[in-house]
Amino acid sequence: MLEYFHRQVQLWGEETQRLLQNKKIAVVGAGGLGSSLAFALGSSGIGEIHMIDFDEVSTHNIHRQIAFKIGDEGKNKAVLNATLIEQRCPFVKAIAHENSFKEWCEKEIDVDLIIDATDNLPTRGEIDDYCKSKNLPWIYGSVEAFHGQVCFFENSSFRDAFKITSQTPAGIAAPIVMHIASLQANLSLRYLAGLSVKKELLYYLFFNSEGELITQKFTLPKN
């Protein structure tokens with residue numbers, strides 16, 4: 001096992017790598033962000049990863065949802081991602097849940113961290129409510145066009161920080177999806193490995209009119 005994770009072991013040692021084997025996470029949404037998270041975290045050595053999504057692959061998903069290929073249309077996204085994770089890393093148990101987040105909550109599965117990979121504010125509000133009820137941290141991520149947001153929530157209220165409404169998403173560039181998922185994955189690994197993580201800090205990343213990547217940070221109020 002340690003040979004597989006050799007470069008990570010160089011980073012933080014054998015003890016921390018073995019610690020990850022005892023961790024469990026849930027990824028809510030197995031599309032754009034979820035696919036990239038499956039690649040980024042699926043071979044990191046986290047012991048158990050729950051992929052949650054009731055949706056099936058459509059042709060227009062494939063350009064930015066990197067776990068899927070032509071021919072996967074009509075197949076469940078969570079199942080495909082869970083299969084991919086276990087194919088790439090035999091040391092991680094990946095479990096697919098072909099249902100909504102609300103239905104997953106009813107299963108009462110214990111995890112150490114929940115990662116948001118959804119595409120709508122109401123579901124993120126549900127994630128925040130559930131995590132608050134379980135005293136669980138979660139990592140928010142969203143993408144649209146050429147910009148995105150990431151935040152590690154522990155005490156702050158998502159509903160207070162964002163107006164919970166439904167909206168039709170704009171277009172999305174594939175690389176920004178992978179970029180935001182990468183930031184979420186790095187926060188996740190740091191937290192699960194016991195390294196320091198800045199919490200209640202909203203990162204807002206975007207390309208300006210000159211093509212420069214700008215990162216802004218906003219501290220969210222704690223409850």
Side-chain angles (χ1 to χ4, degrees), residues 4-5 24-105 107 109 111 113-124 126-127 138-150 166-189 205 207:
Y4 182 96
F5 300 113
K24 301 178 182 180
I25 66 171
V27 179
V28 187
L33 289 172
S35 289
S36 293
L37 285 164
F39 268 92
L41 295 176
S43 56
S44 65
I46 295 169
E48 191 170 291
I49 300 177
H50 295 263
M51 300 295 304
I52 306 164
D53 204 319
F54 58 82
D55 198 15
E56 297 176 344
V57 177
S58 299
T59 302
H60 65 83
N61 297 147
I62 297 171
H63 91 281
R64 70 189 184 283
Q65 300 183 11
I66 62 174
F68 314 133
K69 61 186 183 300
I70 297 296
D72 285 334
E73 294 91 339
K75 298 177 182 178
N76 177 267
K77 295 180 180 181
V79 170
L80 288 174
N81 272 285
T83 300
L84 178 66
I85 290 170
E86 293 196 341
Q87 286 176 340
R88 296 186 70 234
C89 183
F91 309 105
V92 174
K93 181 180 180 181
I95 302 167
H97 301 269
E98 301 179 62
N99 48 237
S100 68
F101 177 66
K102 281 186 177 180
E103 292 171 311
W104 180 83
C105 293
K107 298 179 182 181
I109 297 171
V111 295
L113 178 69
I114 292 181
I115 307 173
D116 159 45
T118 65
D119 60 0
N120 66 88
L121 291 173
T123 303
R124 292 174 181 129
E126 293 172 4
I127 293 172
W138 68 285
I139 298 176
Y140 156 70
S142 68
V143 290
E144 190 170 16
F146 293 101
H147 59 265
Q149 302 177 85
V150 175
S166 296
Q167 68 178 67
T168 301
I172 299 175
I176 195 68
V177 178
M178 290 179 267
H179 186 51
I180 295 301
S182 176
L183 293 177
Q184 288 182 288
N186 274 287
L187 285 173
S188 301
L189 274 179
L205 303 96
F207 286 92

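Heads up: numbering here begins at 1 and tracks the sequence.
- Judged as a salt bridge (Lys or Arg N to Asp or Glu O under 4.0 Å), the pairs with a partner in residues 78-103 (not counting sequence neighbours) are, in order, Lys102-Glu126.
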For the pair Thr118 and Asn120, evaluate side chain to side chain donor-acceptor pair (under 3.5 Å) and give the outcome as yes or no after the intermediate values.
-> CA-CA 6 Å; Thr118 65; Asn120 66 88; 4.8 Å; no
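- The number of heavy-atom neighbours closer than 6.0 Å to CZ of Phe54, taken from other residues, nucleotides and ligands shown, is 12 or below.
- In this structure the side chain of Asn99 reaches within 4.5 angstrom of the side chain of Trp104, judged on heavy atoms.
- Here the straight-line distance linking atom NE2 of His147 with atom CG of Leu205 works out to 10.5 Å at 0.5 Å rounding.
- Taking both residues in full, the closest heavy atoms of Gly34 and Ala117 are given as N-CB, 3.5 Å, listed atom of the first, atom of the second, then distance.
- Separation of atoms CG (Asn81) and CD1 (Ile66) is listed at 9.0 Å; rounding is to 0.5 Å.
- The shortest non-hydrogen separation linking Ala173 to Phe146 is CB-CE2, 3.6 Å.
- Residues satisfying the ring-ring contact (aromatic ring centres under 6.0 Å, His included) criterion with Tyr140, sequence neighbours excluded, are Phe158, Phe162.
- Checking side-chain atoms of Thr83 against main-chain N and O of Val79 turns up a donor-acceptor pair under 3.5 Å.
- Val143 approaches Ile172 most closely through the heavy-atom pair O-CD1, 4.0 Å.
- The minimum heavy-atom distance between Gly42 and Cys89, with the atom names listed, is O-CB, 3.4 Å.
- Just one of Leu187, Asn186, Ile127 meets the side chain to side chain contact (heavy atoms under 4.5 Å, CB included) condition when paired with Ile139; it is Leu187.
- Here the shortest heavy-atom pairing between Phe39 and Ala67 reads CE1-CA, 4.0 Å.
- Ser44 pairs by the side chain to side chain donor-acceptor pair (under 3.5 Å) definition with nothing, not counting sequence neighbours.
- Residues His50 and Ile109 form a side-chain contact, since some pair of their non-hydrogen atoms from C-beta on lies under 4.5 Å apart.
- Taking CE of Met51 as the reference point, atom CG of Leu37 lies at 7.0 Å (rounded to 0.5 Å).
- Summarising the geometry, atom CG belonging to Leu113 is positioned 11.0 Å from atom CH2 belonging to Trp138; distances are rounded to the nearest 0.5 Å.
- When atom types are taken as modelled, the side chain of Arg124 and the backbone of Gly141 share a donor-acceptor pair closer than 3.5 angstrom.
- Considering CG of Asp116 and CG of Leu33, their distance stands at 7.5 Å, rounded to 0.5 Å.
- Counting only heavy atoms from C-beta outward, the side chains of Ile25 and Ser188 never approach each other to under 4.5 Å.
- In this structure, Ser43 OG and Gln87 CD are separated by 13.0 Å, a value rounded to the nearest 0.5 Å.
- Remark: Asp53 pairs with no residue by the side chain to side chain donor-acceptor pair (under 3.5 Å) rule, at least two apart or across chains.
- For residues 67-80, the pairs satisfying salt bridge (Lys or Arg N to Asp or Glu O under 4.0 Å) are Asp55-Lys77, Lys69-Asp72, Asp72-Lys75, with sequence neighbours left out.
- Evaluation of the ring-ring contact (aromatic ring centres under 6.0 Å, His included) rule for Phe5 yields Phe91 as partners, not counting sequence neighbours.
- When all heavy atoms of Val111 and Ile114 are compared, the closest pair comes out as CG2-CG1, 3.9 Å.
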